[in-house]
Every structure is written in C-alpha cells, then in structure tokens.
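Reading through the structure tokens given below for one structure.
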There are 2 protein chains.
Amino acid sequence: MSLGCAACPVRDRAACSVLAEDERDALARLGRLRTVRRGETLFSAGSDPAACATLTSGALKIASYGADGAEHILALVHPAGFVGELFQPFVHHDVVALVDSTLCVFAGPDMAAAIEHYPALARALLRRTQEDLHASRSIQALAGRNSGRARVAGMVLAFAQAASDSPCHPAPRFDLPLSRGEMANMVGLTIETVSRQLTALERAGAIARDGKRGIELLDPALLAAACD
Amino acid sequence: MSLGCAACPVRDRAACSVLAEDERDALARLGRLRTVRRGETLFSAGSDPAACATLTSGALKIASYGADGAEHILALVHPAGFVGELFQPFVHHDVVALVDSTLCVFAGPDMAAAIEHYPALARALLRRTQEDLHASRSIQALAGRNSGRARVAGMVLAFAQAASDSPCHPAPRFDLPLSRGEMANMVGLTIETVSRQLTALERAGAIARDGKRGIELLDPALLAAACD
DNA sequence: CGACTCCTTGAGGTAATTCAACTTGTGTGG
DNA sequence: CCACACAAGTTGAATTACCTCAAGGAGTCG
C-alpha cells in the first residue's frame with residue numbers, strides 16, 4: 001500500500017523529512033502504513049530482530065517487563081519519533097501503543113540499506129537517537145531521585161513541557177498521557193503513592209486536577225521547587 | 001599535536017575505525033589528544049555547547065547533579081565509547097573521569113562537518129548511539145526495580161558482564177568500577193544500603209568480596225535470582 | 001442498572017533512610 | 001618505621017517513607 005507521504009502529518013518533522021521528494025517516495029515504497037490500537041503491542045521483546053518505524057500519529061510507550069510481569073516504562077514516543085533497535089540482534093524492550101496510533105513501518109534490512117544509500121537519513125537518525133538518549137537520561141535522573149514527591153512533581157512538570165507548543169514554557173493546562181499505574185511504573189513507585197503525591201501537590205496549591213487526567217498548573221514555581 | 005592513530009589502543013573498535021586510513025588521518029588532524037585525571041571533569045553541564053570525544057583509555061561517568069549537589073550517575077563510558085551531545089545547544093550532563101583517562105577530543109562543528117563528509121562515520125555513530133540508548137534503558141530498568149536487593153544484585157551482575165571478555169558470560173572475578181557512593185548514586189540508594197546488600201549477597205553465598213572493590217562470583221545463578 | 005476499570009483514601013507493616021560509631025586501608029610526615 | 005590523619009566502608013539503632021492490603025468512590029460501557 002502506498003504511504004501517501006504528501007498527506008503524512010509528520011512529513012516535515014520525521015527523520016525522512018531530510019530526503020528529497022523522490023528519495024522519500026522511494027523509501028516509502030519499502031515501508032508500509034500500520035495502525036495499532038490502544039494497548040496493542042507493536043514490537044515484543046525477544047521477537048524478530050529487525051524492524052523499525054516512525055510514529056505518525058498517536059503515542060507509544062517503550063517498556064520492559066520483570067520476571068513477575070511488573071511493567072517498567074522506559075520511554076514515551078511522540079509523533080515523528082522513531083522506534084526500533086536497528087543494529088541489535090534481538091529486540092529487548094516492548095513497544096506498546098498508549099492510544100490508537102499510526103506508524104510507518106520498515107523492515108530492518110530495508111532501513112539499513114536506506115541508511116547506506118542516503119547519508120542525510122543516517123545523520124537525521126543520529127540526531128534523533130542522540131535526542132532520545134538525552135531524553136532517556138532525563139527520565140533516569142527523574143526516576144533516580146530518592147523522594148517520591150520529587151519524582152511525581154518532576155514527572156508532571158515533564159509532561160507539562162511535552163504538552164506545550166513552546167519548547168521552554170510548560171503548558172498551563174494539559175492531560176496526563178499515562179494512567180496512574182503507568183506513571184507509577186515509569187518512576188518506580190506504586191499507584192497509591194502516585195495518587196497520594198498528586199493530591200498532596202494539589203493541596204499544596206501547585207496543581208489542580210480536572211477529572212482523572214486533566215491537570216492545571218496553578219504554581220509552576222512551586223511544582224519545580226518540589227522537584228529537588 | 002598529532003593523535004597517533006597508529007598507536008591508538010581503540011583504533012579498530014572506535015567509531016573512527018570505519019574510515020579509511022587517509023580519512024582517519026584527516027579526521028585526526030581536527031582533534032586533539034587529552035588526558036584527564038581521576039575525578040577531573042571533562043564536560044560540565046551548561047558549559048560550551050559543542051565538543052565530543054572518543055575515550056581511548058580509562059573510564060568515565062556521565063552524571064547529573066541535583067539542586068542540593070546530589071550526584072546521579074546516568075551512564076558509564078568504556079574505552080572506544082563516544083561522549084558528547086552533538087546537536088544539543090547546551091551540555092546537560094557532566095562527564096567525569098572515574099580513573100586517569102585519555103581521550104580524542106573534537107570540536108563540535110569539526111565533528112559535524114566530518115559526519116557530513118564521511119557517511120560511514122555517521123552510520124558508525126548512529127550504531128554506537130543506539131547501543132548507548134539501549135544501555136541507558138537497561139540501567140533505567142535496573143534502577144527502577146523496587147527492591148534494593150534487586151538493584152544491587154543487578155548492578156553487580158552488569159559489572160561482571162562488562163568486565164568479561166566474552167559478551168555473554170560474566171567474569172568470575174573482577175573489580176567494581178565504582179565506589180559505594182557512586183554505586184548508590186547510580187541505582188538510587190544510599191551508601192549504607194548498598195553496603196548492607198553486598199554483605200547480604202556475600203552471606204547468601206552469591207559473591208565473595210576481596211578488599212573494597214574486588215568481587216568474586218561464587219554463584220552467578222543465585223545472583224541472577226536476586227535480580228527479580 | 002450492574003459490572004467493570006480506574007482512582008482515591010485509610011491503616012498497618014516493612015524496607016530503606018538517617019544519624020552515629022567504629023573499622024579498615026592509605027598515604028604523609030615526623 | 002611508626003604515628004597520625006584522612007578517606008572509604010561497615011555495622012547498629014531509630015525513624016521515616018513507601019509499600020501492602022483493604023475498602024470505598026467515580027466514571028464508562030454494555
């Protein structure tokens with residue numbers, strides 16, 4: 001099936017946007033569009049080695065699962081993001097759709113060949129991967145804080161910034177992209193602790209909750225102060 | 001100063017090893033060899049944006065520091081590893097030498113130009129960065145476990161595998177690359193807890209300690225079982 | 001309306017932190 | 001060479017914070 005790059009919502013932000021029109025069309029013929037529903041697993045740990053994808057709409061989580069089945073969320077993927085361990089023999093982490101999503105999926109070897117053929121694509125993916133690496137380390141720093149208050153506050157602040165249009169200022173009003181359980185799995189706490197810390201932040205006047213996932217930033221400075 | 005690639009201990013493993021002889025020599029003229037002593041900071045968060053380096057000998061840690069000065073170790077860098085946030089406007093994380101180290105340092109723009117000029121270099125760095133990303137997420141999964149026992153056991157096992165020549169089997173005898181405090185900062189525990197868990201693992205018969213940093217793996221399976 | 005999922009709140013137990021003392025190892029200088 | 005100081009690690013006791021278990025709301029869907 002054709003990918004219809006012309007109608008792609010991330011055509012000017014994804015890695016492939018660095019290619020010329022005809023190059024991108026050639027690449028598009030190697031890939032296929034796929035839709036995954038909320039909760040559906042795109043890649044599974046230990047499964048077929050080589051596949052990768054650009055997220056065109058929706059949201060994904062990258063997670064590992066302990067022996068007891070406990071989920072640990074390692075990263076979130078937003079539209080125009082790239083997922084796939086190109087050079088690893090096995091997939092190590094699961095990729096699951098947080099909401100209904102559409103992706104542009106490529107077979108590993110095809111993408112490897114494309115990287116050989118289009119140097120600009122390799123550079124774009126290098127840039128994106130370095131950004132992912134930085135994001136991963138930021139989450140690591142967040143989850144490594146000792147206080148549960150700091151972890152929850154930092155996570156809320158990170159979501160506020162991710163939800164904002166401007167790169168610096170956090171959005172004053174946004175929806176949490178994760179359930180309580182997922183938030184807990186991301187920063188290494190329990191559902192109950194996350195819930196309690198949110199109510200504590202609300203009582204402190206830093207945030208206001210609107211429904212289960214709505215958050216209003218009443219006092220960003222106070223929230224930031226809670227991140228220490 | 002000349003870099004002397006011919007004598008470089010990582011000349012066949014570092015990213016630049018994918019270049020032809022003359023290409024590598026040309027790249028070498030853009031970089032400079034630098035030695036840093038144990039504890040010395042190579043890059044500092046917030047400092048001049050663009051510099052990067054390949055580690056030729058020694059070991060580095062990548063760390064972030066909280067408002068109160070608490071260190072959080074995000075990654076370890078081994079010889080042939082690459083450090084530097086090429087595309088970020090600011091450096092976000094400190095890079096500190098764990099032991100006396102030598103590096104091949106490049107100015108950011110020079111390396112960016114080299115990446116433009118040598119597609120193979122871009123691909124090599126992409127591969128290396130994806131591996132770093134995977135390693136980062138592994139540490140994240142390790143530090144996110146709830147039990148302190150599991151974190152320390154997993155960390156010891158990871159060090160054993162890193163110290164081994166063969167990629168699969170852990171080294172039966174090795175030295176911890178980090179102090180107790182650094183180990184604690186890496187997995188989000190305190191010095192005392194790390195110490196207690198190590199003695200507990202020793203009493204359980206999983207490991208034996210030899211001096212402050214020496215570790216002997218008595219029962220790898222038992223150690224692995226403690227990682228759940 | 002009832003079943004379900006998700007979230008909140010409470011009470012009690014437990015594991016990690018904190019504070020503190022002591023040990024060990026290392027290097028320096030008398 | 002020994003004494004001393006200093007850094008790093010271990011161990012103990014008490015506290016705190018998070019986890020576990022449990023019950024009860026709030027929203028959604030058939």
Side-chain angles (χ1 to χ4, degrees), chain A residues 37-39 61 66 68-73 98-100 142-156 175-204 207-215 226 228, chain B residues 37-39 61 66 68-73 98-99 142-156 175-204 207-215 226-228:
Chain A
R37 293 250 271 283
R38 176 174 183 275
K61 64 180 172 186
D68 55 348
E71 178 186 70
H72 187 195
I73 295 185
L98 283 170
V99 299
D100 294 355
L142 182 66
R145 290 188 169 82
N146 26 18
S147 145
R149 169 69 56 89
R151 297 190 210 179
V152 173
M155 179 166 48
V156 170
D175 279 352
L176 296 169
L178 300 180
S179 71
R180 295 291 183 275
E182 289 167 331
M183 290 170 66
N185 290 337
M186 185 153 137
V187 296
L189 297 170
T190 58
I191 294 179
E192 295 96 325
T193 302
V194 170
S195 180
R196 276 186 257 264
Q197 294 298 347
L198 283 176
T199 65
L201 287 172
E202 184 169 38
R203 265 205 282 268
I207 62 172
R209 280 179 294 186
D210 176 23
K212 293 190 174 179
R213 297 202 171 194
I215 293 285
D228 290 331
Chain B
R37 293 248 270 284
R38 176 173 183 274
K61 64 180 172 186
D68 55 348
E71 178 188 69
H72 187 197
I73 295 185
L98 284 170
V99 298
L142 183 65
R145 290 187 168 83
N146 26 18
S147 146
R149 169 68 55 91
R151 295 190 211 179
V152 173
M155 180 166 47
V156 171
D175 280 352
L176 296 169
L178 301 179
S179 70
R180 296 288 183 276
E182 289 168 331
M183 289 169 68
N185 289 337
M186 185 154 136
V187 296
L189 297 170
T190 59
I191 293 179
E192 296 94 326
T193 303
V194 171
S195 180
R196 274 186 259 265
Q197 296 298 347
L198 283 176
T199 65
L201 287 172
E202 183 168 41
R203 265 205 282 270
I207 62 172
R209 280 180 292 186
D210 176 23
K212 292 190 173 181
R213 298 203 170 192
I215 293 285
C227 294
D228 291 331

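Reminder, nothing fancy here: chain letters follow the sequence lines and each chain counts from 1.
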* Atom-pair distance (CE on B:Met183; P on D:dG9), nearest Å -> 9 Å

* Could you give the distance from CG (A:Asn185) to CG (B:Asn146), rounded to the nearest 0.5 Å? -> 9.5 Å

* Look only at the side chain of B:Asp210 and the backbone of B:Ile215, and say whether a donor-acceptor pair between them is shorter than 3.5 Å. => no

* d(CG, B:Leu178; C1', D:dA8) in whole Å -> 14 Å

* To do: Could you pull out all residues at least two apart from B:Asp175 that satisfy salt bridge (Lys or Arg N to Asp or Glu O under 4.0 Å)?
  => B:Arg173

* To do: Report which part of the nucleic acid B:Arg151 touches: base, sugar-phosphate, or nothing (heavy-atom distance under 4.0 Å, all strands).
  => nothing

* Rounded to the nearest angstrom, tell me the gap between atom CG in A:Leu198 and atom P in C:dT9. => 10 Å

* **B:Arg209 side-chain N/O to D:dG9 phosphate OP1/OP2 under 4.0 Å** => no

* Structure fact -> Contacts of A:Thr190 meeting side chain to side chain donor-acceptor pair (under 3.5 Å) (sequence neighbours excluded), chain-then-number -> A:Thr193

* **Distance (rounded to the nearest 0.5 Å) between A:Met155 CE and A:Met183 CE** => 3.5 Å

* Please name all residues satisfying side chain to side chain contact (heavy atoms under 4.5 Å, CB included) with A:Ala226, sequence neighbours left out, ordered by chain then number. => A:Arg149, A:Ala153, A:Leu201

* **Heavy-atom closest contact (A:Leu98 atom, A:Glu182 atom, distance)** => CD2-OE2, 3.5 Å

* Structure fact -> Between CD1 of A:Ile191 and C1' of D:dC21 the distance, given in whole Å, is 13 Å

* Asked: Would you say B:Arg180's side chain and B:Lys212's backbone share a donor-acceptor pair under 3.5 angstrom?
  -> yes

* To do: Figure out the CG/P separation between B:Asp210 and C:dG25, and round it to whole Å.
  => 11 Å

* **Separation of atom CG in B:Asn185 from atom C1' in C:dT17, rounded to whole Å** => 14 Å

* Asked: If the sugar-phosphate is the primed atoms plus P, OP1 and OP2 and the base is the rest, what is the B/S/- string for nucleotides 23-30 of chain D, using protein heavy atoms under 4.0 Å?
  -> --------

* Asked: A:Glu202 CD to C:dT8 C1': how many Å, rounded?
  -> 12 Å

* Structure fact -> Those residues at least two apart in sequence (or on a different chain) that pass salt bridge (Lys or Arg N to Asp or Glu O under 4.0 Å) with A:Arg209 are A:Glu202

* **Contact pattern, 5' to 3', of nucleotides 15-20 of chain D - B, S or - by protein heavy atom under 4.0 Å** => ---SSB

